[in-house]
Amino acid sequence: MHGNGTIFIADNDVKTRDLVSAFLTYQGYSITAAEPGNSFFDTLQKNNVDIVIADLAYLQSVAPDFLERSSLLNPLLVLIGYGDTSAFELNKTADETVFTLPKPLNLDELESLVMRAREYQSMKMYDRSVGDSAQHQLLSTTMIGTSAPMQALFEMITKVAASNATVLIQGESGTGKELAARAIHQLSDRHAKNFVPVNCAAIPDDLLESELFGHVKGSFTGAYANRAGRFEMADKGTLFLDEIGDMKANLQVKLLRVLQNREFEPVGASKSQRVDVRIVAATNKNLEELVISRDFREDLYYRLSVIPITIPPLRERREDIPLMIHTFLTRFNADKRHAVKGLSREALGILCNYEWPGNVRELENLVERLVILKGSGLIVPDDLPEKYLSGKTAQFVSVQSPGLSADNLLPDGGICLNSAVDEFENNLIMQALSRSGGNKKEAALLLNLKRTTLIEKLKKKNLAFGED
Ligand SMILES: Nc1ncnc2c1ncn2[C@@H]1O[C@H](COP(=O)(O)OP(=O)(O)OP(=O)(O)O)[C@@H](O)[C@H]1O
Ligand SMILES: [Mg+2]
């Protein structure tokens, strides 16, 4: 293998081919091109290619079955479609190892996708050689969750921990983004060094730069001595950039520079400093939207989201609620020397059907409050704060075991049919996935669906985790 790896480029458009070749050669990749007369797949196998970049129309003409075979191939496919509507279809049916990039090419985006493709590939290889059991177990001692999306999340965390790739964790408030970031650090070979969190929203704008990069004595009023920044403190460890969506434009530029060059200048310093830092960023904002509204730099977004991880809200993994309640209850009972026995079936049912806008944090706080107020005995619906009782969260389906008969599911107050059906569907899909141990093909069989239809549904429901 040469330098960064070998990339195969297949595109009849010479201009694109030359541009991509030049750009990636400059980045240290070695480039191979299609060989006329040879079959597409033969050429790939013969050349031991790491990543394939191919034009969609070209692919469709030389290898119409490429999608079915893409998962069998060692190299990953990065496809470049012309404003082609079939690219849309492709996005829906392709698995996670197929990346799409629209023409005209944005080189930042190309670079980010290539980095991501390489990470996926190294994770795939890691997966084959090491397996994930020990780390997986370690992870489940800190993060609770037996639901399919959580198991997929654990798998993802275990895999990315082994690499040095920049990770962007997105998810609603209280879903466990910081917990996931810490887990990535703990499972990485940087765990003996520092995990340094920086809350980009909590530090005043004018201090954030010195906070991140440090400053030299006398560089501004109040800078009485040299001071190391968080980047330096995180050297050989992990820097956690929390609430990255709140970072101001001028700092975004500076951060981008560090990510590109791995060096920075402390405030007031004339020389730059080098660091070996693994970056994990998190936000509860939708960064894609911030990019569109120009509140977040697109180039920085690509740099950060080499490995994007989305933690689903608690309401999309309700089957984790009972175990979470149990774990938190045990912990708070021990902390406070109380003896709350548990929740009545009705109380548990109410909490399982609640929407949890504050996600796991809200659940954790509620359990703490219940333990303090109740002290002992069984928690019943009357013990729950008003808002948990008043919602229109009808208990039409018991979360753990939905009956298949719809005979008496309609409560007196009526229900919202769409969300009820949706939830029923989610529930069955999750059960199938959990029974198949996360194997989508087997789960699809259990549901009498095509595997691609199941994957499409998971994507639509934002449950597209893990590889097949
Ligand atoms: N899967 C989980 N298992 C156990 N505890 C969890 C889990 N997810 C989150 N928590 C707990 O919930 C609380 C919130 O988690 P965390 O701070 O990681 O969320 P966050 O996504 O960073 O939230 P915010 O966006 O508000 O910063 C923490 O006390 C954390 O320990
Ligand atoms: Mg947080």
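Atoms within each ligand, like the ligands themselves, are counted from 1 in listed order. Residue numbers start at 1 and run along the sequence shown. Treat the numbers as computed from the prediction; the structure is a model and nothing was measured.
- Residue-level proximity to ligand 1 for Phe154 is absent, since no heavy atom of it falls below 4.0 angstrom.
- Remark: side-chain polar atoms of Gln170 are not paired, donor with acceptor, to backbone N or O of Thr310 under 3.5 angstrom.
- Between the side chain of Asp235 and the backbone N or O of Asp276, at least one donor-acceptor pair lies under 3.5 Å.
- With Glu368 as reference, Lys336 is the one residue of Arg361, Arg331, Lys336 to meet the salt bridge (charged side-chain N to carboxylate O under 4.0 Å, His left out) rule.
- The shortest distance between side-chain heavy atoms of Val371 and Phe328 does not fall below 4.5 Å.
- Regarding atom 25 (O) of ligand 1, its nearest protein heavy-atom neighbour is Lys177 NZ, 2.6 Å.
- For atom 15 (O) of ligand 1, the nearest non-hydrogen atom of the protein is Gly176 CA, 3.7 Å.
- The residue among Leu179, Thr283, Asp242 with a heavy atom at the shortest distance from atom 18 (O) of ligand 1 is Leu179.
- Judged by distance alone, the side chain of Arg318 and the main-chain N or O of Tyr354 form a donor-acceptor pair under 3.5 Å.
- Closest protein heavy atom to atom 22 (O) of ligand 1: Glu178 N, 3.2 Å.
- The backbone N or O of Leu212 sits nowhere less than 3.5 Å from a side-chain atom of Arg230 that would complete a donor-acceptor pair.
- Scanning all protein heavy atoms for the shortest distance to atom 3 (N) of ligand 1 gives Ile144 N, 2.8 Å.
- In terms of protein heavy-atom proximity, atom 17 (O) of ligand 1 is closest to Arg361 NH2, 3.1 Å.
- The aromatic ring centroids of His215 and Phe220 lie less than 6.0 Å from each other.
- Scanning the protein for heavy atoms near atom 10 (N) of ligand 1, the closest one is Val360 CG1, 3.3 Å.
- Atoms of ligand 1 found under 4.0 Å from any heavy atom of Asn284 (numbered from 1 in listed order, with element): 25 (O).
- Checking Glu232 against Gln273 by side-chain atom types alone, a donor-acceptor pair falls below 3.5 Å.
- Shown in contact with Met150 at under 4.0 Å from a heavy atom are these atoms of ligand 1, numbered in order with element: 1 (N).
- Atoms of ligand 1 lying under 4.0 Å from any heavy atom of Glu243, numbered from 1 in the order shown and given with element: 27 (O).
- Heavy-atom minimum distance, Ala281 versus Phe240: C-CE1, 4.4 Å.
- Atom 11 (C) of ligand 1 has as its closest protein heavy atom Glu364 OE1, 3.5 Å.
- Here's the thing with Gly174: one of its N/O atoms is less than 3.5 angstrom from an N/O atom of ligand 1.
- Within the listing of ligand 1, atoms 1 (N), 2 (C) sit less than 4.0 angstrom from a heavy atom of Met324.
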